[in-house]
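As structure tokens, the structure follows; a few thoughts come after it.
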Amino acid sequence: MSDQTQPLLAPIRHGRPPVVIERIWRAVSNSLLLRSPLFYVGCVPVVLWCLVAIFAPLLTGYDPNAQDIAALSQPEPSALHLLGTDQLGRDVWARIAFGARSVLTIAPLSLLSSYAFGIVLGLASGYSRLIDPIVTKLCDVMLAFPVIVLYVVLITAIGPSSSNIIVAVTVSTAPAVARIVRGMVLDLKDREFVDAARIRNESGLYIMFFELLPNMVVPLLVDFCLRMGYTIIKIGSLGFLGLGLPPPDPDWGGMVKEGVAFMLVWPHISLVPCLAIASLVIGFNLVADAVASVARRA
Amino acid sequence: MNPTVRLATRVGSALATMLVASFLVFVLLEYSSTNVSAKILGPYSSESSRQMLSEKLGLNDPLLVRYLRWIGVVVGLREDPVVTSGLIGSPVVDARYFGNFGYSQLYKKPVVEVVLPALENTALLATVAFFGIALLGMLIGIVCGAYEGSAIDRSLSLVASVAASVPEYASAVILMFVFVVTYQVLPGASNLDTTSGWSVSSQLILPAAVLIIYDFGYVARTVRTSMTNVMRSPYIKAAILKGLSFRRVVFVHALKNAMVTPFTVILLQIGWLVSGVVVTEVVFGYPGFGRVLLEASLSGDIALVEACTLISLVVVILTQVASDVGYMVLNPEMRARA
């Protein structure tokens with residue numbers, strides 16, 4: 001794996017942002033990514049759900065929390081409610097559309113926060129021999145926790161809310177990111193361009209963030225894509241376990257949970273959000289697979 | 001390095017991880033003394049009684065002192081102060097035994113008596129799922145790796161990656177829709193209660209299938225990568241050039257070396273199953289460890305949450321050690337160096 005990603009780690013001499021952006025752009029436009037059919041197949045659900053999230057109020061006339069008393073006895077899909085209503089008479093499509101908003105904001109935000117902490121910890125532990133043993137051991141400990149158990153313990157301790165979901169994901173993901181970043185720092189830090197920066201008398205912080213970090217952007221982006229689908233699954237699991245967004249806000253995982261009790265009579269209540277999550281995650285994972293295989297070959 | 005020394009270092013590091021992790025759990029769940037009093041008196045106890053209990057039990061002592069006291073009770077070196085002080089009017093329980101996690105407010109009995117039967121049920125489900133995951137993952141991985149780049153490789157890899165993209169609760173609902181709602185050939189609840197007319201084995205099918213679908217792709221991918229690397233090596237080319245049948249080359253020559261790395265990954269799935277079962281058990285109402293953990297968490301039964309967390313940590317860390325040791329035994333390079 002590491003020798004295959006080698007070319008991407010080739011030094012960028014002055015890691016100014018434009019160079020990094022140019023490199024990513026070049027990697028995308030020259031690469032096989034745009035020729036990979038799986039990439040386009042994966043993009044379809046991802047783009048569709050993003051559009052649904054952005055234009056949610058235009059795509060449905062219903063308030064996601066409003067109850068239609070008339071629909072209570074007949075929750076099945078009908079002309080009025082295209083995907084039916086749930087056990088409380090709320091329009092399923094409206095809840096799916098507004099639920100897309102929370103999934104598509106909480107998942108990227110929690111990943112961004114994981115990467116922010118992970119990158120800082122990884123850079124520090126790879127670069128400083130003093131910090132390294134502490135951070136490494138701490139990461140080992142955090143990664144020993146089974147993910148769901150860690151989430152349950154954290155949410156038990158701090159309570160369910162959207163910001164606490166972000167905290168829980170960060171606590172469980174940042175150590176994994178830190179470990180990857182640390183490995184790349186150890187690989188890069190003895191190269192000439194880092195020596196050159198040291199000779200120029202640049203500070204440790206400058207070297208970490210402006211010499212080392214820009215050279216990790218592509219592998220980290222690949223990793224980010226791969227984690228996206230997984231994070232959506234885990235956030236959905238939290239919702240499903242009743243540890244996600246507090247009701248009544250629409251949340252796909254929570255909708256599945258509420259619907260399972262009515263599985264035998266009205267399967268659509270839980271089936272619809274299940275298909276929504278599955279299609280979104282499959283989309284993200286296909287995109288990530290395409291990005292990863294292109295990055296490996298580039 | 002001497003293998004015994006290496007083993008001892010590995011076990012030592014596992015113990016250290018366990019200690020740090022248990023400390024983190026303790027800090028998270030018991031940092032505030034009101035939390036602990038709530039754990040003993042139940043979530044609906046009044047603030048003043050919690051305050052009184054905190055003072056009686058010395059919960060305002062320094063954190064490290066409290067942690068050591070707690071660990072002492074858990075491993076059975078100390079008597080549980082809650083029991084000896086007679087603070088809970090609960091049935092008479094032993095004050096000192098190994099695995100004393102206290103008293104569950106939710107189930108109204110000692111935590112071990114709640115956790116052990118649940119663990120047994122989970123072990124049953126996890127064993128079935130583990131063999132399914134290992135067999136299916138290995139089979140698909142070997143086929144894909146042996147015929148790298150072929151149509152069968154690409155289609156099976158796609159199936160594996162799509163299967164791994166469907167969350168457990170979603171595949172559970174979809175499978176339930178097909179087999180329970182539409183065709184009515186399997187039970188929708190797996191509470192291991194046979195009075196409903198469904199046998200235990202039929203109740204295990206759906207939960208095990210959900211776990212297998214979610215996880216086999218990961219194993220298959222690892223086996224495939226390892227297999228393709230081996231298939232490209234010169235000794236395999238030599239075997240093929242010698243005129244051996246392709247099947248013989250794959251199963252006799254390649255497989256032995258291709259399974260060294262995946263062995264670790266496959267063993268680590270035991271650790272994954274400990275938490276992987278939570279969602280599945282909740283969907284099917286399976287009376288296992290994961291459901292106990294969730295119910296404890298939702299009702300604020302801190303003693304039970306602590307016990308479940310520590311037990312799952314022990315399982316994960318033990319499988320990590322086992323897979324490291326197994327890797328040392330299996331890998332000829334490591335043996336030679338030892």
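Numbered from 1 within each chain, the chains take letters A, B, ... in sequence-line order.
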Taking every heavy atom of Lys234(A) against every heavy atom of Tyr214(B), the minimum-distance pair comes out as NZ-OH, 3.8 Å

Nearest heavy-atom approach of Ser297(B) to Val152(A) is CB-CG1, 3.3 Å

What is the minimum heavy-atom distance between Tyr169(B) and Cys274(A), and which atoms define it?
O-SG, 4.0 Å

How many angstroms lie between CG in Leu138(A) and OG1 in Thr17(B), if you round to the nearest 0.5 Å?
10.5 Å

Side chain proximity check, Val180(B) to Met263(A), heavy atoms < 4.5 angstrom
no

To the nearest 0.5 angstrom, please state how far the OG atom of Ser165(B) sits from the CG atom of Leu286(A).
6.5 Å

Which region of Arg221(B), side chain (C-beta onward) or backbone (N, CA, C, O), has a non-hydrogen atom less than 4.5 Å from a non-hydrogen atom of chain A, or is it both or neither?
side chain

Decide yes or no for Lys137(A) and Ser13(B): does some side-chain heavy atom of the first lie under 4.5 Å from some side-chain heavy atom of the second?
yes

Residue from Asp140(A), Ile277(A), Leu150(A), Val260(A) scoring the most non-hydrogen pairs under 4.5 Å with chain B is Ile277(A)

Let me confirm one number: the CD-CG distance from Glu295(B) to Leu241(A), rounded to the nearest 0.5 Å.
11.5 Å

Using non-hydrogen atoms and a 4.5 Å limit, figure out which bit of Phe289(B) sits close to chain A: side chain, backbone, both or neither.
neither

Pairwise distance CD1(Ile148(A)) to CD(Glu168(B)) - rounded to 0.5 angstrom
7.0 Å

So for atom CZ, which belongs to Phe130(B), do other residues, nucleotides or ligands contribute more than 12 heavy atoms lying within a distance under 6.0 Å?
yes

Leu298(B), part contacting chain A, at a heavy-atom distance under 4.5 Å:
side chain

For each of Val283(B), Ile317(B), Val305(B), tally heavy-atom pairs with chain A at distances under 4.5 Å, and name the one with the top tally.
Val283(B)

Checking Val316(B) against chain A: side chain, backbone, both or neither under 4.5 Å from a heavy atom?
side chain

